[in-house]
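Report on one structure; see the data block that follows.
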Amino acid sequence: MLNRRGVLAAGGIAAGVFGVPKLLAPAEGHESTTHAAHEPVAFQESKTFSGTRPEIVPWTRPMPVPPVLKPLVSTSRQEIYQLSIERTTAEILPGLQSPVMGFGGQFIGPTIKAKTGRKTLIMFQNKMDEAANVHLHGGHVPPEHDGHPKDLIEPGRTRLYLYPNSQQGTTLWYHDHSHGTEAAHVYLGLHGAYVIEDDSERGLNLPSGAYDVPIMLRDIQFDDSGNIVVFDDPSKRTTVLANGVPQPYFEVAARKYRFRLINTANQRVFRLRLTGDKFTRIGSDGGLYSESVEAEELLLSSAERADVVVDFSKYPVGSKVTLTDSAGGEILRFDVVRRASDSSRVPAALRPLPALPLSTVDREVDLFYVFKPNERPDGVINGKVFDMDRVDFTIKRGATETWLIKSSDPAGVKHNFHLHLVQFRVLERNGGPPHPSDAGLKDTIPITAGETVKVQATFTGYTGRYVYHCHFLEHSWIGMMAQLEIVP
């Protein structure tokens, strides 16, 4: 029986009569999940592989850097792009082409570079046999261009997305947000980096060009024959990828690098460290910090970003520096292969954070599961399953509000929280100061059962409907999402 007692006693919901994959008890590395009533399946369009799963030999393949998408038209006011959404294949395991989905026909989509004040228009053409859409995660965009779950691109159709790029320089990412299929689509590859640059940030002389590298981290599961499994127990997603490759190496010069780390996993929480070194953290989801900080560890829940600088100049040529995760072990090795001149710097003072206006509205958001006899549980926010015809919060444009985010989950399940349209500031956690990982401008934060996090946001710019949800995508898939409407 799929109920609360069963979860607490067994540590999860095992696939059974209703084919519901296991709901994990909270554990480091992976967070809880549940799915629609179907058996876990290996994703394959045809019998592409039926032998033994290829062995992953660490540090034998380079980490690719996703190419920067070239515009069809570029002016001082706007850039126009075209990008396909299609089924394709990728060599994730060595020597094996696995069926995946991809923007531009690649497992990790191309990086899109934008500039503050210059518009980006992208024509997304859906070449798949099922509907999809695109959400610019962290983007301040009109509602019709936000990738609302109801706004689908049907097979064979094209949709134009307009991104004003009115916000400051930051690291965003784009991914599928189609209703009921977002978790599977992102898991299978529909994601890519979106970088906004601005002149004031450029003036800081941070590492740039080839020394400014996006790294998208995630996990994946293969069956014994090497086919991608969609979906099963998340603890079986033991293969961790850096830009789509398991345990790759990345050759670096003995100088400073800027790495834009993006957690694109459906549910994993990364605790990242560098062997024998520290990160210099310079930014978060919404852009630069007010000042740089040294960090021994980075905590990134699904969809969070960390903007860091690593200085390899202290290492002799031939040195190896490894990026590790507390649960996934060694996931990426940096190989120092040459000396290089370096005029970049990391100033102590970066960019002042915006002032906190007076908040006039207080709200509460509670994320948890509702258990039902003989059925899968519902993911709910404030006790309600997502309904795109229902507005949960009505907000005046320009208002500043304080939200208390909490989880009263009866099974002790962890969640996280993502708010569309605006960045927010974390004011406190559990009545005390925010965690170091809460610093700066945020759009996504982790939330543990029994925990409370107070955040403040100002809803500027647009009117219309947007969503907020748990960004463990298999949680939002089963209803842990709600809708706000901004009114004049």
Side-chain angles (χ1 to χ4, degrees), residues 43 45 48 61-74 78-92 96-115 118-139 141 145-147 151-163 165 171-178 181-182 184-197 210 212-218 220 228 230 241-245 248 260 262 264-266 303 305:
F43 177 72
E45 294 173 320
T48 56
R61 298 165 64 192
M63 182 188 75
V65 177
V68 175
L69 187 63
K70 295 181 179 180
L72 299 175
V73 176
S74 180
Q78 67 180 16
E79 289 187 316
I80 301 175
Y81 298 87
Q82 187 173 28
L83 196 55
S84 63
I85 306 172
E86 55 188 283
R87 294 184 182 272
T88 183
T89 60
E91 186 180 350
I92 302 172
L96 171 64
Q97 291 293 322
S98 297
V100 295
M101 296 176 179
F103 291 110
Q106 56 193 60
F107 178 60
I108 291 179
T111 297
I112 299 171
K113 287 196 173 181
K115 184 176 180 179
R118 184 169 63 187
K119 297 177 181 178
T120 298
L121 289 85
I122 309 179
M123 295 177 286
F124 283 97
Q125 182 183 11
N126 185 5
K127 296 183 177 180
M128 300 199 305
D129 56 357
E130 57 185 283
N133 80 355
V134 185
H135 168 56
L136 180 59
H137 185 112
V141 303
H145 300 290
D146 186 55
D151 293 333
L152 301 178
I153 311 173
E154 298 295 339
R157 303 299 295 270
T158 297
R159 185 182 180 98
L160 177 66
Y161 289 81
L162 169 64
Y163 303 138
N165 301 319
T171 304
L172 310 179
W173 63 298
Y174 61 101
H175 62 80
D176 182 280
H177 210 304
S178 52
T181 52
E182 71 273 28
H185 285 183
V186 175
Y187 182 79
L188 289 168
L190 289 181
H191 56 288
Y194 188 101
V195 176
I196 300 179
E197 300 174 332
D212 180 353
V213 182
I215 301 178
M216 308 189 82
L217 300 173
R218 56 159 296 173
I220 197 168
I228 297 173
V230 187
L241 309 178
N243 283 349
V245 176
R260 301 171 185 263
I262 309 172
T264 65
N266 275 21
R305 285 88 71 204

query = If you measure from the Lys or Arg side-chain nitrogens to the Asp or Glu carboxylate oxygens, is any gap between Arg87 and Glu130 under 4.0 Å?
reply = yes
ask   = Do Glu79 and Lys119 meet the salt-bridge criterion of a basic N to acidic O distance under 4.0 Å?
value =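 No, no charged N to carboxylate O under 4.0 Å.
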I'd like to check the side chain to side chain contact (heavy atoms under 4.5 Å, CB included) partners of [X]; sequence neighbours left out, ordered by chain and number.
X: Gln125; value: Gln82, Lys127, Thr158
X: Ile80; value: Val73, Gln78, Leu121, Met123
X: Val141; value: Leu136, Asp146, Tyr163, Pro164

ask   = Would you say the side chain of Ile215 lies within less than 4.5 Å of the side chain of Ile262, judging by non-hydrogen atoms?
value =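 SC-SC contact between Ile262 and Ile215 ruled out.
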query = Can you check whether Leu172 reaches Ile196 side chain to side chain, under 4.5 Å on heavy atoms?
reply = yes
Backbone of Ile153 reached by a side-chain donor or acceptor of Asn126 within 3.5 Å =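 Flag set: sc Asn126 to bb Ile153 pair under 3.5 Å.
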inquiry  = Between Asn165 and Arg118 (side chain of the first, backbone of the second, donor and acceptor by atom type, cut-off under 3.5 Å), is there such a pair?
reply    = yes
task = With Arg218 as the cation and Tyr187 as the aromatic partner, state whether NZ or CZ is under 6.0 Å from the six-membered ring centre and within 45° of the axis.
result = yes
ask   = Trp173 and Met216: side chain to side chain contact (heavy atoms under 4.5 Å, CB included), yes or no, with the steps?
value = CA-CA 9 Å; Trp173 63 298; Met216 308 189 82; 4.3 Å; yes
message = Under the criterion side chain to side chain contact (heavy atoms under 4.5 Å, CB included), I'd like the reasoning laid out for Gln106 against Ile108: C-alpha separation, chi angles, the key distance, then a yes or no.
response = CA-CA 6 Å; Gln106 56 193 60; Ile108 291 179; 5.6 Å; no
Option passing ring pair (Phe, Tyr, Trp, His ring centres under 6.0 Å) with Tyr174 (candidates Phe103, Tyr194, Tyr161) = Phe103
key: Residues Ser178 and Asn133: side-chain donor-acceptor under 3.5 angstrom   =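 Ser178 vs Asn133: no donor-acceptor pair found between side chains.
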key: Pair His191 and His175, ring centroids less than 6.0 Å apart   = no
